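Working notes for the structure below.
Throughout, a chain's letter reflects where its sequence line sits, starting with A, and its residues are numbered from 1. It should be emphasised that the depicted structure is a prediction, and the values quoted were computed from it without experimental measurement.
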Amino acid sequence: MSERSANKEFEIKSVTPRAKDYAQWYNDLVLKSGLADYSAVRGCMVIKPYGYALWENIQRQLDQMFKETGHQNAYFPLFVPKSFLEKEEGHAEGFAKECAVVTHYRLKNDPQHKGKLMVDPEAKLEEELVVRPTSEAVIWNTFKSWIRSYRDLPLLINQWANIVRWEMRTRLFLRTTEFLWQEGHTAHATREEAIEEARRMLHVYADFAEHWLALPVLKGVKTAAERFAGAEDTYCIEVLVQDGKAIQAGTSHFLGQNFAKAFDVTFTNRNNQQEYVWATSWGVSTRLIGTIIMAHGDDHGLILPPRVAPIQLVIIPIARSSQQLEQISQVAHRLKSELTAHQIRVRVDDDPQQKPGWKFTEYELRGVPLRIAIGPRDLEQNTVELARRDTLTKEIVPMEGLSTRIQTLLDDIHHNMYRRVLQFREAHTTYVQSYDEFKKVLTEKGGFIVAHWDGTTETELAIKEETKATIRCIPLDQQPVPGKCIYSGKPSHLQAWFAIAY
RNA sequence: CGGGGUGUGGCGCAGUUGGCUAGCGCGCCACGUUCGGGACGUGGAGGCCGGAGGUUCGAGUCCUCUCACCCCGACCA
């Protein structure tokens, strides 16, 4: 290879390898695959059509699952009066530091600088409005007027919305100042029913992650230190990604009666007595996209889970002449209609401007699960070249029966991706008996570290302080095992799952 | 908020101790040849060098101030 083409190769295939710089690899994938871009506003991103199509697929399926579990969509205001946010103490304290605040409602021409605008000091709001960092406050203020009797319960509401949290440090999809999410808010007559709801939705998230995103998740409950501000219990799904860090991909909270009390939401029970209602809230966000990228991607680019991939199959014609291209394109489009009829999302890329090789690399970068190439040889033999993104393998297959083969293959890819992430997690989950071992595994291997913990926040924070690792959760299905806390040596029956977290 | 970077056509960069008309690669436009793993030729278009002020005969380059973004850490989904 000449020096020139070697340089060219370096420039074009410029996804930074994971081993070299994982953070840069992640950014390269987001930007170069066309999922999203930085915006003119610090910490805020532009979700590009390809990324938004992915989000829409996630949204569509989750929305269906929420409806199947009896929830209805509604929409609440972006602005939260400051006094509402103050009502639940823990909640207020937890979110205070990261709120954007609206203080004025008007601009005017700046008399000092022609053509410039300034905040009109006469248009100051009586009460500041907080841009929602989450909607418990507005929603519970509303629920107060919706709930009178036990007959109004359970109240099962979801909203799809954007929210703003003024984080110090942001990362595309993983932590942006503004992000898109869904937040479920429910009210129940009994404690048991609310807990059941919080757990049910956690399982909905876990099922969704596994069956649609090919992500094995760890389901568990958060410790007091990691709990949502205002919750009695926070459940979570955690995913271990390729750099050995854990990422919280979804949460579900049992809120007890905290919000009912703060907003005075009571109902008349069957015995004609007034009671406070019991609450839950639960959410997943565009962070799921970041999780998909980090869990599945490789040094060639994204690998999108087939069931949510905006394009499941790309067809690339290969032709020597424009007549031939036309001929092959016809075959490609005919194949596309056939596959589309089977609910497969197909794109034919017959753009004559780009050569096939360019397209191959491009769709690999964009993580399209399957690729078909059709060339003159295929035309003669009635075959296609079928390549899969997850394994980077390809084979020549007959045109006959392609739709069945592809449906099967998309399922195979899904399962293979799931298995890979699960195997990675299993290979990076270490049970330790001592704090020395804990520290050694953390620095040398990473991943989940399972260890006995005495259940105190002091121990948890001390470990965090010394190692940066936090307790991601106590798994829900864990059997109590007697042991000793690795840090304090006190008796412990709990094994906590630790990791460095995103 | 601390530490480190970077700002020069759409993208990635070069531009020396100040000096002529600011370059290169990719991309873009036109035409032609190509097409089974990021093709090539020819001809084009595209820049108040992040901003303001200063030094100078002369500033992308030197000085002062400023703004923005990125990365690393502290806070967090």
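- Ranking B:G38, B:C72, B:C75 by closeness to the A:E167 side chain, first place goes to B:C75.
- With ring centers used as reference points, A:W140 lies 6.0 Å or more from A:H91.
- Of all nucleotides present, none satisfies the Watson-Crick or G-U wobble test against B:A45 with each distance under 3.5 Å.
- Across the strands present, B:G23 finds its partner in B:C13; the criterion is a Watson-Crick or G-U wobble pair with both atom distances under 3.5 angstrom.
- Base pairing analysis places B:C65 opposite B:G51; the two distances defining the Watson-Crick or G-U wobble pair are each below 3.5 Å.
- In this structure, B:G36 makes no Watson-Crick or G-U wobble pair, since no nucleotide meets both defining distances under 3.5 angstrom.
- Judged by distance alone, with hydrogens and angles left aside, A:E364 brings a side-chain donor or acceptor within reach of the base of B:G37, the pair sitting under 3.5 Å.
- Here the side chain of A:R42 is nearest to one of B:C69, B:G73, B:G36, namely B:C69.
- Pairing for B:G73 goes to B:C1, judged as Watson-Crick or G-U wobble with the two contacts each under 3.5 Å.
- Using modelled atom types, one side-chain atom of A:Y205 and one backbone atom of A:G283 make a donor-acceptor pair closer than 3.5 Å.
- For the residue pair A:D243 / A:Y26, no side-chain donor-acceptor distance below 3.5 Å is found, with atom types taken as modelled.
- Within 4.0 Å of A:K97, counting heavy atoms only, lie sugar-phosphate atoms of the nucleic acid but no base atom.
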